[in-house]
There are 2 protein chains.
Amino acid sequence: MSLSQSVENILKAIYDLQLGDQWVSTSALADRLGQKPASVTNMIQRLARAKASLVDYTPYRGARLNPTGVKVALEIIRHHRLIELYLAQTLGVPWDRVHDEAERLEHVISEDLEDRMAAALADPRLDPHGSPIPTKDGQIAAVVGVPLSEAPMRATVRVTEVRDEDANLLRYLGAMGLYPGAEFTVTGREPFGGSLHIRFNDQDLHLGEEALPHIRVAVQT
Amino acid sequence: MSLSQSVENILKAIYDLQLGDQWVSTSALADRLGQKPASVTNMIQRLARAKASLVDYTPYRGARLNPTGVKVALEIIRHHRLIELYLAQTLGVPWDRVHDEAERLEHVISEDLEDRMAAALADPRLDPHGSPIPTKDGQIAAVVGVPLSEAPMRATVRVTEVRDEDANLLRYLGAMGLYPGAEFTVTGREPFGGSLHIRFNDQDLHLGEEALPHIRVAVQT
DNA sequence: TAAAAGATTTAGGTGAGACTAAAACAGTGC
DNA sequence: GCACTGTTTTAGTCTCACCTAAATCTTTTA
């Protein structure tokens, strides 16, 4: 039961976009995958009427993963995040580049290689962006922290996760040393739009509004 | 100028089968690639009439790489062999399994990753099977040694290379410790067929005729 | 509540990469 | 030098993964 890269990518996209047991629209998927909605509809329909189906599909509602689909998606995400951490840790690939590399590698590594990387990293729980790595048996830790946009004013917070898709943001944060684990204080918020001023490491930084949903923080007590 | 995996594979196959500037037949390529001759003809024709052509093709004669094609093929082979060595050395993948893994990975690693692996291995010259790794600028060392079938009787020889495609042979040789660098003596040859008896490490081993062309040795003076 | 706006699907098309069956060609043997 | 044999190409078909344009459905709004 080996899947094409296209299928693996669409499963991953559904997993990422699905909230609870809600449906994911074809246009949201098309957006995420950089394809046209009609193309996604087509793929999803083929996927849904395959024998060993992984997704449920209702016309005009959208798609969602069934339990088997979730398991498969988590396997792919495990590959992705293990590879990211391996590349960062062992080969020194900067954290803003590991995503693109993992995006291609995740589809072609064997289970054996997965196991060897995991062992070399001593069964890690988090990737370089702070995202949890699913276990081999398909468990995934709950998300920690809240989006930075919801952090209270003047609070001291610790970065728990930075979403890995936006290489520019990662480069910017990385240059500042603002990795998961770093602590900073929320010093101000623009009245409209909501971009944020923070104090980190004796520097005042400004985070644009579009960056905030990509950053999760835990408010320190 | 990024090539599909199918195209990369066919270029590699032509490189492997091409002797000097001779033509490689479509059926030989089909054999090597596990496809039908008609499929190969089709692919080659498309390849040959592409603008930036990498292969010459003459109907009923076959295909061969032009200088640009050779350069591209060597880049892919560099990827393949670097990956093999990296997996063996760094992750402990046994030498009979690195080939299959590299076969998939070679098409998806970035130049940056190639460089990082090469640096981690201190710019290696040979892969785990003793095959030369092309340099980044497309040079490749000459083959060392002769096929074991041509080794003289009672000679002491040193293994220089074992072709990586036959996992069973690699497993057998590996179990004996017979890696590149190992020395043994040719003790006997079967009159017909030509399978070989050797003495290595105080053991008498028997190598079937089909194994001999896959093993290259340097005769010790 | 009906029409407009927006989202989604259907219909039809393309190119890559494979296949089979049939036709064309090349090399050999008489 | 011609027929036979085996190789190679041509012709036609299939699936996958995308696309555009047109039709259909859903939701919003007047």
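For clarity, every value in this text was computed on a predicted model and none was experimentally measured. Chain identifiers are assigned alphabetically (A, B, ...) following the order of the sequence lines, protein sequences preceding nucleic acid strands; residue numbering begins at 1 within each chain. Note: hydrogens, waters and symmetry copies are ignored here, and every other heavy atom, side chains too, is used.
B/Leu54 approaches B/Thr68 most closely through the heavy-atom pair CD2-CG2, 3.7 Å.
For A/Glu84 and A/His80, the side-chain atoms include at least one donor-acceptor pair closer than 3.5 Å.
Nucleic acid contact for A/Ser39: base, since at least one base atom lies under 4.0 Å from a heavy atom of the residue.
Atom CZ in B/Arg61 sits roughly 7 Å away from atom P in C/dG27 (whole-Å rounding). When the P atom of D/dC18 is taken as reference, atom CD1 of A/Ile44 falls 12 Å away, rounded to whole Å. One interatomic measurement links the two molecules: CZ of A/Arg49 to C1' of D/dC16, which rounds to 12 Å at whole-angstrom precision. We find that CG of B/Asp31 is positioned 11 Å from P of D/dT8, with the value rounded to whole Å.
Taking for each of A/Gly34 and B/Pro59 the nucleotide of DNA chain D with the nearest heavy atom, the 5'-most of the two is the partner of B/Pro59.
Remark: B/Arg61 CZ is loosely packed, at most 12 non-hydrogen atoms of other residues, nucleotides or ligands lying under 6.0 Å away.
OP1 or OP2 of C/dT10 has at least one side-chain nitrogen or oxygen of A/Gln45 nearer than 4.0 Å. The side chain of B/Ser25 contributes no N or O atom lying less than 4.0 Å from OP1 or OP2 of D/dT7. Checking the phosphate oxygens (OP1, OP2) of D/dC16, no side-chain nitrogen or oxygen of A/Ser6 falls inside 4.0 Å.
With A/Leu170 as the partner, the side-chain contact (heavy atoms from CB on, under 4.5 Å) test is satisfied by one option alone out of A/His214, A/His129, A/Arg163: A/His129.
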